[in-house]
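To start, the structure under review is shown below, and the notes come after it.
If you're wondering where the values come from, they're calculated on a predicted model, not measured in any experiment.
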Amino acid sequence: QVQLVESGGGLVQAGVSLRLSCAASGRTFRSYPMGWFRQAPGKERVFVAAISWSGGGTSYADSVKGRFTISRDNAKNTVYLQMNSLKLEDTAVYYCAADGAIVGPNLVVVDLSRYDYWGQGTQVTVSS
């Protein structure tokens, strides 16, 4: 079992940066592909970024490519989402997720349905 706790959200102005963290419990964190998803009011939860368990593979949604960076520190059981040049449309609840399947070291999982464990979410609000 894995428990995920997000932090780092808040109310910020457009154009600034924010870093989200997701702390995971469990000794097997380092073997899990991880992902960040977001859900805006009245919309479905969508993929933002993902990283392989080795950290060697990453993938991003087109809407955040070049602005967001996903990383992980397996020694700290933590995955990060660095968000730069925030836009109004980035406003959403951000969730981190872990895929509990046994996969290769560089496999990146972008399919929401593949993820087994979810955090409670952290709100990011971008204002003009």
Side-chain angles (χ1 to χ4, degrees):
Q1 191 74 2
V2 176
Q3 290 187 326
L4 304 173
V5 179
E6 301 97 334
S7 61
L11 172 62
V12 296
Q13 288 191 319
V16 303
S17 299
L18 203 60
R19 189 176 81 157
L20 304 182
S21 299
C22 174
S25 65
R27 293 176 293 176
T28 54
F29 167 81
R30 62 188 63 201
S31 67
Y32 294 151
M34 299 292 294
W36 284 97
F37 295 79
R38 67 186 182 187
Q39 188 167 17
K43 296 188 177 181
E44 294 183 347
R45 193 173 299 187
V46 297
F47 169 74
V48 175
I51 189 166
S52 64
W53 65 255
S54 71
T58 58
S59 181
Y60 298 91
D62 288 343
S63 59
V64 306
K65 202 171 293 184
R67 298 189 298 122
F68 290 12
T69 302
I70 187 171
S71 62
R72 66 190 297 161
D73 186 337
N74 287 341
K76 295 183 179 180
N77 279 13
T78 302
V79 63
Y80 304 98
L81 185 67
Q82 177 67 41
M83 305 185 296
N84 299 331
S85 302
L86 282 163
K87 303 177 180 180
L88 298 179
E89 52 265 39
D90 294 320
T91 294
V93 177
Y94 284 72
Y95 298 89
C96 73
D99 177 1
I102 299 174
V103 299
N106 293 316
L107 182 68
V108 179
V109 180
V110 303
D111 183 354
L112 179 151
S113 66
R114 285 277 305 270
Y115 283 90
D116 303 297
Y117 306 103
W118 292 85
Q120 83 290 347
T122 186
Q123 176 71 47
V124 173
T125 303
V126 184
S127 65
S128 58

Is there a donor-acceptor pair under 3.5 Å between the side chain of [X] and the backbone N or O of [Y]?
X      : Y     : answer
Thr28  : Ser31 : no
Thr78  : Lys76 : yes
Thr125 : Leu11 : no
Gln123 : Gly9  : no

Do Ser52 and Pro33 have side chains that approach each other closer than 4.5 Å (heavy atoms only, starting at C-beta)? no
Within the structure provided, determine whether Leu88 and Ser128 are in side-chain contact (heavy-atom separation under 4.5 Å). yes
Sorted by chain and residue number, the side-chain hydrogen bond (donor to acceptor under 3.5 Å, both in side chains) partners of Gln82 (sequence neighbours excluded) come out as Asn84
side-chain hydrogen bond (donor to acceptor under 3.5 Å, both in side chains) partners for Arg67, two or more places apart: Asp90
Please report the shortest heavy-atom distance between [X] and [Y], naming the atom on each side.
X     : Y      : answer
Leu4  : Cys22  : CB-SG, 3.9 Å
Arg72 : Asn74  : NE-OD1, 2.8 Å
Met34 : Ala98  : SD-CB, 3.4 Å
Leu81 : Tyr94  : CD2-CD2, 4.1 Å
Trp36 : Ile70  : CD1-CD1, 3.5 Å
Arg45 : Trp118 : NH1-CE3, 3.3 Å

Do [X] and [Y] belong together in a cluster built from hydrophobic side chains that touch within less than 4.5 Å?
X     : Y      : result
Val93 : Leu112 : yes
Val79 : Tyr95  : no
Ile51 : Val46  : no
Val16 : Val124 : yes

Assess whether atom NZ of Lys43 is packed by more than 12 heavy atoms of other residues, nucleotides or ligands within 6.0 Å. no
If you count every heavy atom of other residues, nucleotides or ligands that lies below 6.0 Å from Gln39 atom CD, does the total exceed 12? yes
Donor on one side chain, acceptor on other, Thr91 and Glu89, under 3.5 Å: no
List the steps, then state whether side-chain contact (heavy atoms from CB on, under 4.5 Å) holds for Val5 with Gln120. CA-CA 7 Å; Val5 179; Gln120 83 290 347; 4.3 Å; yes
What residue pairs, at least two apart or across chains, pass salt bridge (charged side-chain N to carboxylate O under 4.0 Å, His left out) with a residue in residues 109-128? Asp99-Arg114
For residues 100-110, tabulate all N or O donor-acceptor pairs below 3.5 Å that involve a side-chain atom, not counting sequence neighbours.
unit_1: Asn106; atom_1: OD1; unit_2: Ser54; atom_2: OG; d: 2.9

Does Ser63 form a side-chain contact (heavy atoms from CB on, under 4.5 Å) with Arg38? I'd like the steps, not just the answer. CA-CA 12 Å; Ser63 59; Arg38 67 186 182 187; 3.5 Å; yes
To the nearest 0.5 angstrom, please state how far the CE atom of Met83 sits from the CZ atom of Arg19. 11.0 Å
May I have all residue pairs that pass ring pair (Phe, Tyr, Trp, His ring centres under 6.0 Å) and include part of residues 51-80, sequence neighbours excluded? none
Those residues that, when tested against Phe47, pass ring-ring contact (aromatic ring centres under 6.0 Å, His included) (two or more places apart): Phe37
